[in-house]
Structures are given as C-alpha cells and as structure tokens.
Undergrad: 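Input: one structure, supplied below.
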Amino acid sequence: MSRSIRTQARTPAAQGGPGSSESARFTGKNVFITGAGSGFGRRTAERFAAEGAANLYLVDRRPERLDEVAPVIAELGANPVPICVDLGETEACESAIEQALAVDPRLDVLISNAAAWVQVPFIEMSGDDWRRVMSVNLDAYFTLSQRAAQAMKETGGGVILLTSSISALGHGRNFTAYCVAKAAIVSLAKAIAVELAPWNIRANCVSPGPADTQQSVDIAGEELMDKWRAEGFPVVPMNRLAATDDIASAFLYLASDDARYVSGINLVVDGAYTAQVYDLPKS
C-alpha cells in the first residue's frame, strides 16, 4: 500500500517501467476503484490515470490517504473524485456508486479491491468478526458490482474486476473468514460474467500472492518485511513479494480491449507460488 508505493516511482512516467509508455488505452474512461488510497488500489489508479482515464473515483475509508493520492492522480492528467466511505455498510456502497454516477452516468470500469480481515483461530472467531470480514470482502463486492452493472447495462457495457487472493485456493491458518470470502468472490465474478454477457459486461478476478503492501506489514511486522525486501521471499519460486505494479498490470490488462474476449476467469499473479507442490526434504 502506501509503504510499497514508497519503494517505487511516485508516478508511472518517472519510473520508465510499467505504465511509462505513451499508451492511452483508457482515454476518456471513467474508472471506480475501492481501496484506492494505498497498495494495489492506489497504484492501479495511478496507472489508469497515466493511460488517459477521465474520471478516477477513488474510494477509501481513510480521508488522509485520499488527500495524498488525489493530487497525484490530477498530476497524471485525470480528474480525481475522492469518495470517503466505510464499505462495511450496504448504504455506503450504494452512496459511493451514486456519487460517481452524479459526475457522469457512464461507468466504464469498476475495481472492487478493498479488504478487511481478522487474524484469529476458527474455533475462537466471534460472529462479529465473521460478519465484518464478510461485509467488506463479499457483501460490498456484490452491492458495488450489481449497482455498477445496472449503470453499465444502460450505457453499452463495461468491465467489473474483483480482487480475490490465492487464499481463495486453500487455507491460511487463522484467516478463515478472509479465505472463505475470497473464494466466494471468484464464484461471484463467474456469475456476473455469465449473466451479464448479453449486455457487453465482462467480469474477472485478480488473485495476488504474497505482496509488498501495508496489509502485509500489518500482518507480518516491519522487521520481517524489511528482511524479505532485502533478502528475497523464498516461499515463492520467483523469490520475491509481488510489487503493486505486478497487480496493477493485471487489472489494466483485464480492463483493456486486449482482454475483450476474457470473462469469468481468476487471474492468479503469484510468482508461481500455487504452481509448486513440494520439494523433497534435504535430510
């Protein structure tokens, strides 16, 4: 998140890496991104702005993060529209979409990316813990996707992208609610893709593997994260954590016309982590 942005160029053009070309795949497009104040969401917003997006609806529950990212988006040439809401409430999700549609009734791309989690053993998890994670990680994705789809249906189509996780493919101890919600998101994307294809609406998931974001710092701690940045992350065959650009590139591909026949997939971006099975013990 904001931590990982620090290790990369502040703007795509300055880095000479992804997003630094003169490509303008999204000229005039209106893009709605949740969790846009940091991490994957922020970097994805920057990349859309650099490629010509018109309005960037930046949704986050922390106003200070929106205050930081909005000027960057403006500098890159797009119109930032900060929307500060807590997506754990259905009414807030509906309000966020309404605020975007009040600027322009056409919504081209929705990226539902915000996440919540609790780190607690399954047998000790409270009902409140479960409901909070589900409200942000699944209920909000449903509400935002449905409301966006209703608008897209009226304006000729669009793209709905959801952030899942490799946690959808198995289980991480003490993250039951998170893993279950992420698995459900993959199914939700398939449902949207099938049901809304007649209206030129595509839907896909991106599932990141271990990544250099503030969420990872919150879970693992600053000391471990610094070690992994410096020495590599050997759990992953490519021996590093995903950068925010790795995930942003996946979103931009799926939102672009290059993926015009791609719908209903879960694009795993994990440095071959889920491709491996096991190595024989050395002793």
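This one's a predicted model, so the numbers in the text were calculated from it and none came from an experiment.
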Undergrad: Tell me if a side-chain donor or acceptor on K29 pairs with a main-chain N or O of A53 at a distance below 3.5 Å.
TA: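 Such a contact is absent between K29 side chain and A53 backbone.
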Undergrad: Stepwise, does the side chain to side chain contact (heavy atoms under 4.5 Å, CB included) test hold for T163 with Y141?
TA: CA-CA 9 Å; T163 301; Y141 281 49; 4.0 Å; yes
Undergrad: Is any side-chain heavy atom of I201 less than 4.5 Å from a side-chain heavy atom of I160?
TA: yes
Undergrad: Under 4.5 Å between side-chain heavy atoms, counting indirect links through other Ile/Leu/Val/Met/Phe/Trp/Tyr residues: same cluster for V103 and L107 or not?
TA: yes
Undergrad: Please determine whether residues V180 and V136 belong to a single hydrophobic cluster, defined as Ile, Leu, Val, Met, Phe, Trp and Tyr linked transitively by side-chain heavy-atom distances below 4.5 Å.
TA: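 No, it is not one cluster - the side chains of V180 and V136 are not joined through contacts under 4.5 Å.
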Undergrad: Test your reading of the model: is there a side-chain donor-acceptor pair from N55 to the backbone of N30, 3.5 Å cut-off?
TA: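 A pair under 3.5 Å: no.
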Undergrad: Measuring only between side-chain heavy atoms, which start at C-beta, is L169 closer than 4.5 Å to S207?
TA: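 When only atoms from C-beta onward are counted, S207 and L169 do not touch, as no gap falls below 4.5 Å.
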Undergrad: I'd like to know if D258 and R202 make a salt bridge, using a cut-off of under 4.0 Å between side-chain N and carboxylate O.
TA: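 Salt bridge between D258 and R202, a charged N being under 4.0 Å from a carboxylate O: no.
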Undergrad: Quick check: are there more than 12 heavy atoms from other residues, nucleotides or ligands sitting under 6.0 Å from NZ of K182?
TA: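 Yes.
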Undergrad: I need the minimum non-hydrogen distance between I247 and P208, along with the two atoms involved.
TA: CD1-CB, 3.6 Å
Undergrad: Step by step, would you call D246 with R47 a salt bridge (Lys or Arg N to Asp or Glu O under 4.0 Å)?
TA: CA-CA 11 Å; D246 296 322; R47 295 277 299 277; over 6 Å; no
Undergrad: Scan for ring-ring contact (aromatic ring centres under 6.0 Å, His included) pairs involving residues 85-109, sequence neighbours excluded, and state none if there are none.
TA: none
Undergrad: Should R43 and D245 count as an ion pair when the cut-off is N to O under 4.0 Å?
TA: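 Between D245 and R43 there is a salt bridge, with a charged N closer than 4.0 Å to a carboxylate O.
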Undergrad: Using the rule given for side chain to side chain contact (heavy atoms under 4.5 Å, CB included), can you reason through T176 versus M125, listing the C-alpha separation, both sets of side-chain angles and the distance that settles it, and then say yes or no?
TA: CA-CA 9 Å; T176 295; M125 183 181 298; 3.9 Å; yes
Undergrad: For G158, is there any backbone N or O sitting under 3.5 Å from a side-chain donor or acceptor partner on D108?
TA: no
Undergrad: Quick check for you: to the nearest 0.5 Å, what is the distance between L162 atom CG and S145 atom OG?
TA: 4.5 Å
Undergrad: Starting at CG of L58, measure out to CZ of F32 and round the result to the nearest 0.5 Å.
TA: 10.0 Å
Undergrad: Tell me whether D60 contacts the main-chain N or O of G37 through its side chain, where contact means a donor paired with an acceptor under 3.5 Å.
TA: yes
Undergrad: Mind listing the closest non-hydrogen atom pair of A203 and A189 along with its distance?
TA: CB-O, 3.6 Å
Undergrad: Where do R240 and D212 land on the side chain to side chain contact (heavy atoms under 4.5 Å, CB included) test, with the steps shown first?
TA: CA-CA 9 Å; R240 69 171 175 86; D212 185 357; over 6 Å; no
Undergrad: Is the shortest heavy-atom distance from the side chain of L254 to the side chain of V262 under 4.5 Å?
TA: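 Of all side-chain heavy-atom pairs linking V262 with L254, at least one is under 4.5 Å.
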Undergrad: Taking atom types as modelled and ignoring hydrogens, do the side chains of Q99 and S95 form a donor-acceptor contact shorter than 3.5 angstrom?
TA: yes
Undergrad: Taking all atoms of both residues into account, what is the closest heavy-atom pair of T143 and C93, and its distance?
TA: CG2-CB, 3.7 Å
Undergrad: Does any non-hydrogen side-chain atom of Y273 lie less than 4.5 Å from one of V268?
TA: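 Answer no - side chains too far apart.
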Undergrad: Under a 4.5 Å side-chain heavy-atom rule over Ile, Leu, Val, Met, Phe, Trp and Tyr, are L241 and V235 clustered together?
TA: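 Yes, because L241 and V235 connect within a single hydrophobic cluster, where side-chain heavy atoms sit under 4.5 Å apart.
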Undergrad: Tell me, with the steps shown, if I111 and F40 meet side chain to side chain contact (heavy atoms under 4.5 Å, CB included).
TA: CA-CA 10 Å; I111 299 179; F40 303 146; over 6 Å; no
Undergrad: How far does CZ of R132 sit from CG of D139, to the nearest 0.5 angstrom?
TA: 11.0 Å
Undergrad: Quick check: closest heavy atoms across T34 and A114, and the distance to 0.1 Å?
TA: OG1-N, 2.9 Å
Undergrad: Report yes or no: do L280 and V277 belong to one cluster of Ile/Leu/Val/Met/Phe/Trp/Tyr joined by side chain heavy-atom distances under 4.5 Å?
TA: yes
Undergrad: Scan V72, I73, T244 and name whichever one has a side-chain contact (heavy atoms from CB on, under 4.5 Å) with R42.
TA: V72
Undergrad: Considering all heavy atoms of both residues, which atom of I166 and which atom of G209 are nearest to each other, and what is their separation?
TA: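 It is CD1-CA, 3.7 Å.
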Undergrad: So do the side chains of F251 and I33 get within less than 4.5 Å of each other, counting heavy atoms only?
TA: no
Undergrad: Less than 4.5 Å apart, any side-chain heavy atom of I97 and any of Y57?
TA: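 I97 vs Y57: side chains apart.
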Undergrad: I'd like to know if the side chain of R106 pairs up with that of T155 as donor and acceptor (distance under 3.5 Å, no hydrogens or angles considered).
TA: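 On atom types as modelled, these side chains do not qualify, holding no pair under 3.5 Å.
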Undergrad: Do other residues, nucleotides or ligands put more than 12 heavy atoms under 6.0 Å from the CZ atom of R25?
TA: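 Atom CZ in R25 is packed in, count exceeds 12.
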Undergrad: How long is the gap from CG on L161 to SG on C205, to the nearest 0.5 Å?
TA: 8.5 Å
Undergrad: Specify the closest pair of heavy atoms between R65 and S38, including all atoms of both residues, with the distance to one decimal.
TA: NH1-OG, 3.1 Å
Undergrad: Should we count CD of E195 as having more than 12 external heavy atoms under 6.0 Å?
TA: no
Undergrad: In Å, rounded to the nearest 0.5 Å, how long is the span from CG of D67 to SG of C84?
TA: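 That separation rounds to 8.5 Å.
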Undergrad: Are F175 and V133 close enough that some pair of their side-chain heavy atoms sits under 4.5 Å apart?
TA: no
Undergrad: Should V186 and Y253 be regarded as members of a common hydrophobic cluster, given that ILVMFWY residues are connected when their side-chain heavy atoms come within less than 4.5 Å of each other, either directly or indirectly?
TA: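 V186 and Y253: separate clusters.
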Undergrad: Closer than 4.0 angstrom, basic N to acidic O: yes or no for R260 and D257?
TA: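 No.
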Undergrad: Are any non-hydrogen side-chain atoms of P210 and V236 less than 4.5 angstrom apart?
TA: yes
Undergrad: CD of Q276 to CG of D270: how many Å apart, nearest 0.5 Å?
TA: 9.0 Å
